[in-house]
Asker: 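Next up is a structure, given as structure tokens.
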Amino acid sequence: MFGESLTEALPMLDIKYLRDHLDTVRENLARQKSTADFSVFSTLESRRRELLGASEQLKAEKNRVSALIGKTKDKSQVRGEIERMKEVSNEIKHLDDDLKQVEDELQAFLLNLPNLTEESCPPGEGEADNVEVRRWGTPKSFDFTPRPHWELGENLGILDFERAGKLTGARFALYRGAGARLERALINFMLDLHTQEHGYTEIIPPFLVNRETMTGTGQLPKFEADLFHTDDPDYFLIPTAEVPLTNIHRGEILAADELPRYFTAYTPCFRKEAGSYGKDVRGLIRLHQFNKVELVKYCLPEDSGTELEKLLANAEEVLKRLGLPYRVMDLCRGDIGFSAARTFDIEVWLPGQGAYREISSCSNCRDFQARRANIRFRRSPQEKPEFVHALNGSGLAVGRTLVAVLENGQQADGSVVIPEALRPYMNGMEKIEKQ
RNA sequence: GGAGAGGUGGCCGAGAGGCCGAAGGCGCUCGCCUGCUAAGCGAGUGUACGGGUAACACUGUACCGAGGGUUCGAAUCCCUCCCUCUCCGCCA
């Protein structure tokens, strides 16, 4: 229905902007981990313009002469023109073939460039350079050694990694009884909060999406290896609900009064976690399939900064209500993801690990995804369309929240006290005990 | 999965090789008119990329589901794919 082909998709960075501000872009990207070679870009771009100009000139000629031929009743008078146009058509074909090749290369280059990061981002190369902006809550002190959630969960009979491994393989989990109920309670609690108090519209999107959708948010073409894929048809399992939610209005032009739009969705998420061998091999922290409640916004360009703060606050509210201590990290340039211009992570306190661990990532992608997915708006009916700004954040990763509930609520006897906010969703249950 | 019918502008809907970026209607925008948020009248009304301008004007190219082909010339003909609808089968 909105069937734009992949090659027509707009580049992630404005090609004109790139042409005119090559040094700014190069400098910005150099501060991240990008190794893009901009000399190819300049070569390809000037070649493209050359070919395009030549082709369009010939097409103008062809259109003009063909119209003339059409008006001439006696075709014998235009024999020569017809013959000449055969050659012109041929030339056009060759030019267009070359042009197509150049454009494909240019497109591939552009689609593999990450977003520019905001000037206000902390400098740095990786996780160690992220800046803590605030803490909430005080980690509880235990008069016993707090256990990791996998121990608690297995002892309580609510988590079963062994059998999940039998059913599928490593990095899958099976929840049982109160464990399954707790996961479901968390999902409902989060969705109710965001829809009833934070103004989000709940969505249940497809969990399988096509290539265009994956390209729109930036997973493709660069990160195909991280995605689960189906061969027939050519679909991908979503690694986050951000993908379908942000693509909802792909190829559309919205009215300004439709903005901002807030979407939330619970979905399972599927990730190959390639290259993470040996990391977080136990428990629920890093799985091939996990549950997440996602928050996505479209807004006016001038509002995306404050919208990010609000979105972050919406995610933090979940932890506040559950009484789980956390801190907020301002990600440095080198640690920010491919599509984001600015990112704040929320890290929850996990007593079993004695560390803060990521439970949410909230990003402002500005017009990067809107450009790739061609999502625009019009300020008024007579004005030109502009790209929206798109934001996303976890609100929250459900499995990791369950980990935090277990580890923070654990008692000396191995039972777990359920946070009060969750009890209405647990049929009043106050404590999980061995089943 | 089998059989058939279709996909045209924001929407409805004509067009069946050249005069078609595309009739007509609806909607929308601007103006007029009418002493009551109705009706009427007139004009305008897609997107992208390029040239041009102080800015308009103007102008070139492309786009009638997508991709390829035939032709001097394709919304119109041919091929492939996608999607929608109807009937049958199957199923939650």
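We use all heavy atoms of the structure for the numbers below, so side chains are in, but hydrogens, waters and symmetry mates are not. Note that the coordinates shown come from a computational prediction; the quantities given were computed from them, not determined experimentally. Per chain, numbering begins at 1; letters A, B, ... match sequence-line order.
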Asker: Expressed as a whole number of angstroms, how long is the span from A:Asp104:CG to B:G67:P?
Answerer: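 Rounded to whole Å, this separation is 12 Å.
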
Asker: Taking only residues two or more places apart in sequence, or in another chain, which ones meet A:Lys62 in a side-chain contact (heavy atoms from CB on, under 4.5 Å)?
Answerer: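 Only A:Ser66, A:Met85, A:Val88, A:Ser89, A:Ile92 meet the side-chain contact (heavy atoms from CB on, under 4.5 Å) criterion with A:Lys62.
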
Asker: Is the shortest side-chain N/O distance from A:Arg64 to OP1 or OP2 of B:G73 below 4.0 Å?
Answerer: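 No, no such contact exists.
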
Asker: For A:Leu110 and B:C49, what is the distance between atoms CG and P respectively, to the nearest whole Å?
Answerer: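 So the two atoms are 14 Å apart, to the nearest Å.
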
Asker: Mind checking the P distance from B:A74 to B:U59? Whole angstroms is fine.
Answerer: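 Per the computed distance, 23 Å lies between those P atoms.
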
Asker: Mapping A:Gly70 and A:Pro385 to their closest nucleotides on RNA chain B, which lands nearer the 5' end?
Answerer: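 In this pair, the answer is A:Gly70.
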
Asker: Would you jot down, in residue-number order, the residues of residues 50-62 of chain A having a non-hydrogen atom under 4.0 Å from RNA chain B?
Answerer: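 Of all residues in residues 50-62 of chain A, the ones placing a heavy atom under 4.0 Å from RNA chain B are A:Glu56, A:Lys59, A:Ala60.
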
Asker: Could you state the atom-to-atom distance from CG of A:Asn374 to C1' of B:C49 in whole Å?
Answerer: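 Value for this atom pair: 13 Å.
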
Asker: May I ask you to say what A:Lys75 touches in the nucleic acid, namely base, sugar-phosphate or nothing, with a heavy-atom cut-off under 4.0 Å?
Answerer: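 Answer is base: heavy atoms of A:Lys75 come under 4.0 Å of a base.
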
Asker: Using atom C1' in both nucleotides, what's the gap between B:G27 and B:C79 to the nearest angstrom?
Answerer: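 Result for the C1' pair: 39 Å, nearest Å.
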
Asker: Run the side-chain hydrogen bond (donor to acceptor under 3.5 Å, both in side chains) test against A:Gln57 and tell me which residues pass, sequence neighbours left out.
Answerer: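 For A:Gln57, no residue satisfies side-chain hydrogen bond (donor to acceptor under 3.5 Å, both in side chains) once neighbours in sequence are set aside.
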
Asker: Between B:G50, B:C83, B:G18, which nucleotide has the shortest distance from any of its atoms to the side chain of A:Arg49?
Answerer: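 Per side-chain heavy atoms of A:Arg49, the pick is B:G50.
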
Asker: Can you name the ring pair (Phe, Tyr, Trp, His ring centres under 6.0 Å) partners of A:Phe236, sequence neighbours left out?
Answerer: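 A:Phe236 satisfies ring pair (Phe, Tyr, Trp, His ring centres under 6.0 Å) with A:His229 only.
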
Asker: Would you write out the dot-bracket form of RNA chain B, 5' to 3', with Watson-Crick and G-U pairs under 3.5 Å, [ ] for crossing pairs, | for pairs to other strands and . for unpaired bases?
Answerer: ((((((((.[[[..)..(.....]]]((((((.......))))))((((((......)))))).[[[[[..)....]]]]])))))))....

Asker: Taking the ring centre of each residue, are A:Phe270 and A:Phe207 less than 6.0 Å apart?
Answerer: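 No, the ring centres sit 6.0 Å or more apart.
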
Asker: Looking at A:Tyr235, I'd like to know if its OH atom is crowded, meaning that more than 12 non-hydrogen atoms belonging to other residues, nucleotides or ligands lie closer than 6.0 Å.
Answerer: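 12 or below, so no.
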
Asker: Can you list every pair that meets salt bridge (Lys or Arg N to Asp or Glu O under 4.0 Å) and has a residue in residues 298-311 of chain A, with sequence neighbours left out?
Answerer: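 Qualifying pairs: A:Lys297-A:Glu307, A:Glu302-A:Arg379, A:Glu307-A:Lys310.
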
Asker: When the distance from CD of A:Glu81 to P of B:U71 is rounded to whole Å, what number comes out?
Answerer: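 Atom-to-atom, A:Glu81 to B:U71, this comes out as 19 Å.
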
Asker: Report the residues that fulfil ring pair (Phe, Tyr, Trp, His ring centres under 6.0 Å) with A:Phe41, sequence neighbours left out, ordered by chain and then residue number.
Answerer: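 Listed in chain order: A:Phe109.
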
Asker: Please identify each residue that fulfils ring pair (Phe, Tyr, Trp, His ring centres under 6.0 Å) with A:Tyr200, with sequence neighbours left out.
Answerer: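 A:Tyr200: ring pair (Phe, Tyr, Trp, His ring centres under 6.0 Å) contacts with A:His194, A:Tyr262.
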
Asker: Considering only atom C1', compute the distance from B:G67 to B:A62 and round it to an integer number of Å.
Answerer: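 Here B:G67 and B:A62 have their C1' atoms 16 Å from each other.
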
Asker: Are side-chain N/O atoms of A:Asn115 and A:Ser339 paired as donor and acceptor at under 3.5 Å?
Answerer: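 Distance-only check fails for A:Asn115 and A:Ser339.
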
Asker: For B:C81 and B:G24, measure between their P atoms and round to the nearest Å.
Answerer: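 Looking at atom P only, B:C81 and B:G24 are 38 Å apart.
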
Asker: A:Arg48 CZ to B:U61 P: how many Å, rounded?
Answerer: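 That distance rounds to 18 Å.
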
Asker: B:C72 P sits how many Å from A:Glu87 CD, rounded?
Answerer: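 It works out to 12 Å between those atoms.
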
Asker: In chain order, what residues pass the ring pair (Phe, Tyr, Trp, His ring centres under 6.0 Å) check against A:His94, with sequence neighbours excluded?
Answerer: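 Ring pair (Phe, Tyr, Trp, His ring centres under 6.0 Å) check on A:His94 returns nothing, list empty.
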
Asker: Given B:U47, is OP1 or OP2 found less than 4.0 Å from the side-chain N or O atoms of A:Arg378?
Answerer: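 The answer is yes; a side-chain N or O of A:Arg378 sits under 4.0 Å from OP1 or OP2.
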
Asker: Respond yes when some side-chain nitrogen or oxygen of A:Asn63 is under 4.0 Å from OP1 or OP2 of B:G73, and no when none is.
Answerer: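 Looking at the OP1 and OP2 atoms of B:G73, neither is under 4.0 Å from any side-chain N or O of A:Asn63.
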
Asker: Taking any heavy-atom pair under 4.0 Å as a contact, classify A:Lys93: base, sugar-phosphate, or nothing.
Answerer: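 Contact class for A:Lys93: sugar-phosphate only.
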
Asker: Please give, in whole Å, the distance from B:C81 P to A:Asp234 CG?
Answerer: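 After rounding, the gap between these two atoms is 16 Å.
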
Asker: Specify the separation, in whole Å, of atom CG of A:Asp97 and atom P of B:G67.
Answerer: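 To the nearest whole Å, that distance equals 15 Å.
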
